[in-house]
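Below, chains carry the letters A, B, ... as their sequence lines are ordered, and counting in each starts from 1. Side-chain atoms are counted along with the backbone in the values below, which use heavy atoms only and exclude waters and symmetry mates. Note that the structure is predicted; figures quoted are calculated from it, not measured.
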Number of protein chains: 2
Amino acid sequence: MPPGARARARAETSRAILDEARRQLAREGAAALSLRSVAREVGMVSSAVYRYVASRDELLTRLIVEAYDAIGEAAEGARDDGAGPRAQWRAVWRAVRAWAHEHPAEYGLIYGTPVPGYAAPTETIPAAGRVGVVLAGIVVAHGDPGAVGGWPSVVRDDVLPELARPVVVPAVVAWTQLFGTVGFELFGQYENVVTDRDAYFDAVADAAATSVGLPAGR
Amino acid sequence: MPPGARARARAETSRAILDEARRQLAREGAAALSLRSVAREVGMVSSAVYRYVASRDELLTRLIVEAYDAIGEAAEGARDDGAGPRAQWRAVWRAVRAWAHEHPAEYGLIYGTPVPGYAAPTETIPAAGRVGVVLAGIVVAHGDPGAVGGWPSVVRDDVLPELARPVVVPAVVAWTQLFGTVGFELFGQYENVVTDRDAYFDAVADAAATSVGLPAGR
DNA sequence: TCCTCGTCAAGAGCACTGCTCTCGATCCGT
DNA sequence: ACGGATCGAGAGCAGTGCTCTTGACGAGGA
């Protein structure tokens, strides 16, 4: 009998709890996520799940980390090195938007209102930057640093060090614009305002591509 | 004795409830806002406040409306018709940012994650647009419609009808950018990324001003 | 082989929440 | 002066997060 039998069982119920929690998050939203109800659904009593998660907050934190990873993975997978710079850029933007539409509650969890008194745990920090890194990768490969406007130097030197310094500020602006646009659409601010949201989004992506110095064309 | 004595008393406790609710919202966040605890603080029993608000959701809705009004008012008050176009633009952007920093929880309430199953009540819709209207007012007064890039026509015709059609899409983009940037800063995404947030914000505002066709200079 | 130790699920319980219902008291217009 | 509407209080229900204790089970050491 493998010595890790008990450890594997533990990992399995741990997964079951996380999965059920994510299901409830998607179905009812973060506010309605109840530890007791995931316990019920998973076939345990509520006190038993406390052997696996320390608190409701910790459960949410795990979901946050998983969400950051998932959206980062979606972005990384969407980039196709064989395509033209702007096609790559657009593909990544679209992938982020598509992921957000498929997982609105998770998206809200990571890019929505943070809970006060809830310091973002350190384990979320690296995961949060993955989409930005993908975007930066396209810029360093195909961007023309001479083609960007003049921006003040207001970004830390150790952020995206692979990027030429004049490009890093517009890159941060573009990164902000991506999530700002997705969030506004997802949270309903474009209701009764923007008609063709696909075309609108692509147009914003294209303008952002120009602002970071990607060449015109494909 | 004025005939409206009882009505005035009602209005007063109504105000007291709202005020206490806003205090708790600011202090503990929306998730921790409890009807029972505002009742306690206001000196009533919980069932009594149900004579004034139908539910916790309705309490939140009233706070949302008040927040939209407050941020709209801040934006309107910041515009100084005597100043130059870009100075007006910058002043409005800064006022929105300042209001958000002073009222982070309220900002999160209106521009953060919406509660699922919670349809934005109709009374919030007009209030939500006020900042956009202020921005549009500056553009119609001083913008050069010929100075904006080519954008697809993807915005409803009855939105910001005072704006020349080619300008309306970049105006929506700028509006998105304002709240996207404020939100990213407020929700901590710029932590360890942007150093001088004031300068960064002003630079974004200026770039947005250019994109909607405001003339260079003051 | 037996026996102990650590792990786990279960149950009871506490303090809290939103919300409903009923019951007196009070106020207002007729 | 009275009758109806209005209002506050209290009890109560179902649900929550979280803690503590109790009992069962399996794995490793004597």
Side-chain angles (χ1 to χ4, degrees), chain A residues 1-25 27-64 105 109 115-118 121, chain B residues 1-25 27-64 105 109 115-118 121:
Chain A
M1 194 179 295
R6 285 278 81 66
R8 207 180 53 229
R10 183 175 178 83
E12 268 173 31
T13 59
S14 214
R15 263 257 64 81
I17 289 172
L18 261 299
D19 286 348
E20 176 57 31
R22 197 173 32 243
R23 276 193 47 226
Q24 295 203 8
L25 169 67
R27 195 149 28 92
E28 336 247 17
L33 205 186
S34 137
L35 238 154
R36 283 178 115 110
S37 111
V38 342
R40 264 193 305 270
E41 218 64 28
V42 128
M44 299 199 294
V45 86
S46 78
S47 62
V49 332
Y50 279 90
R51 302 239 171 228
Y52 295 87
V53 286
S55 68
R56 198 191 103 113
D57 264 19
E58 202 210 271
L59 218 198
L60 281 192
T61 301
R62 297 211 192 162
L63 292 176
I64 288 176
L109 205 57
V115 179
Y118 171 87
Chain B
M1 192 179 296
R6 284 281 81 68
R8 208 180 52 228
R10 182 176 177 82
E12 268 174 30
T13 57
S14 214
R15 265 256 63 81
I17 290 172
L18 261 298
D19 287 348
E20 176 60 29
R22 197 172 33 242
R23 278 193 46 227
Q24 294 202 8
L25 169 66
R27 198 149 28 92
E28 336 245 18
L33 207 186
S34 135
L35 236 154
R36 283 178 115 110
S37 113
V38 340
R40 264 194 307 268
E41 219 65 28
V42 129
M44 300 199 294
V45 85
S46 78
S47 63
V49 332
Y50 279 90
R51 303 248 175 224
Y52 296 86
V53 287
S55 67
R56 199 190 102 113
D57 263 19
E58 201 210 271
L59 219 199
L60 261 311
T61 301
R62 295 213 192 161
L63 292 175
I64 287 176
L109 206 55
V115 179
Y118 171 86

(request) Output, in order, the C-alpha distance, side-chain angles, deciding distance and verdict of side chain to side chain contact (heavy atoms under 4.5 Å, CB included) for Thr13(B) and Arg51(B). (result) CA-CA 11 Å; Thr13(B) 57; Arg51(B) 303 248 175 224; over 6 Å; no
(request) List the steps and the verdict of side chain to side chain contact (heavy atoms under 4.5 Å, CB included) for Leu59(B) and Val49(B). (result) CA-CA 10 Å; Leu59(B) 219 199; Val49(B) 332; over 6 Å; no
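The shortest distance between side-chain heavy atoms of Asp19(B) and Val42(B) does not fall below 4.5 Å.
Nearest-nucleotide positions on DNA chain C for Ala48(A) and Ala54(B) put Ala48(A) closer to the 5' end. Sequence order on DNA chain D of the closest nucleotides to Ser46(B) and Tyr52(B) puts Tyr52(B) first from the 5' end.
The shortest non-hydrogen separation linking Arg36(A) to Ser46(A) is CG-CB, 3.7 Å.
If you measure from atom CZ of Arg40(A) to atom C1' of dT16(D), you get 10 Å, rounded to the nearest angstrom. If you measure from atom OH of Tyr50(B) to atom P of dG10(D), you get 17 Å, rounded to the nearest angstrom. Atom pair Arg10(A):CZ and dT7(C):C1' shows a separation of 9 Å (rounding to whole Å applied). dA9(D) atom P lies 15 Å from atom CG of Leu35(B), rounded to whole Å. Atom P of nucleotide dT6(D) and atom CZ of Arg8(B) are separated by 19 Å, given to the nearest angstrom. If you measure from atom CZ of Arg56(B) to atom P of dC19(C), you get 8 Å, rounded to the nearest angstrom. The nearest whole Å value for the distance from the CD atom in Glu58(A) to the P atom in dG17(D) is 14 Å. The nearest whole Å value for the distance from the CG atom in Leu60(B) to the P atom in dT17(C) is 15 Å.
Taking 4.0 angstrom as the limit, Ser34(B) places none of its side-chain polar atoms (N or O) nearer than this to OP1 or OP2 of dC16(C).
By the 4.0 Å N-to-carboxylate-O rule, Arg15(A) lies too far from Glu12(A) to be salt-bridged with it.
Counting non-hydrogen atoms under 4.0 angstrom, Arg51(B) reaches a base of the nucleic acid. Among the protein residues, Ser55(A) comes within range of the sugar-phosphate backbone only, with heavy atoms under 4.0 Å from sugar or phosphate atoms but none that close to a base. Among the heavy atoms of the strands lying under 4.0 Å from Ser47(A) is at least one base atom, whether or not backbone atoms are also near. Counting non-hydrogen atoms under 4.0 angstrom, Leu59(A) reaches nothing in the nucleic acid.
Applying the 3.5 Å distance criterion, the base of dG17(D) shares a donor-acceptor pair with the side chain of Arg36(A).
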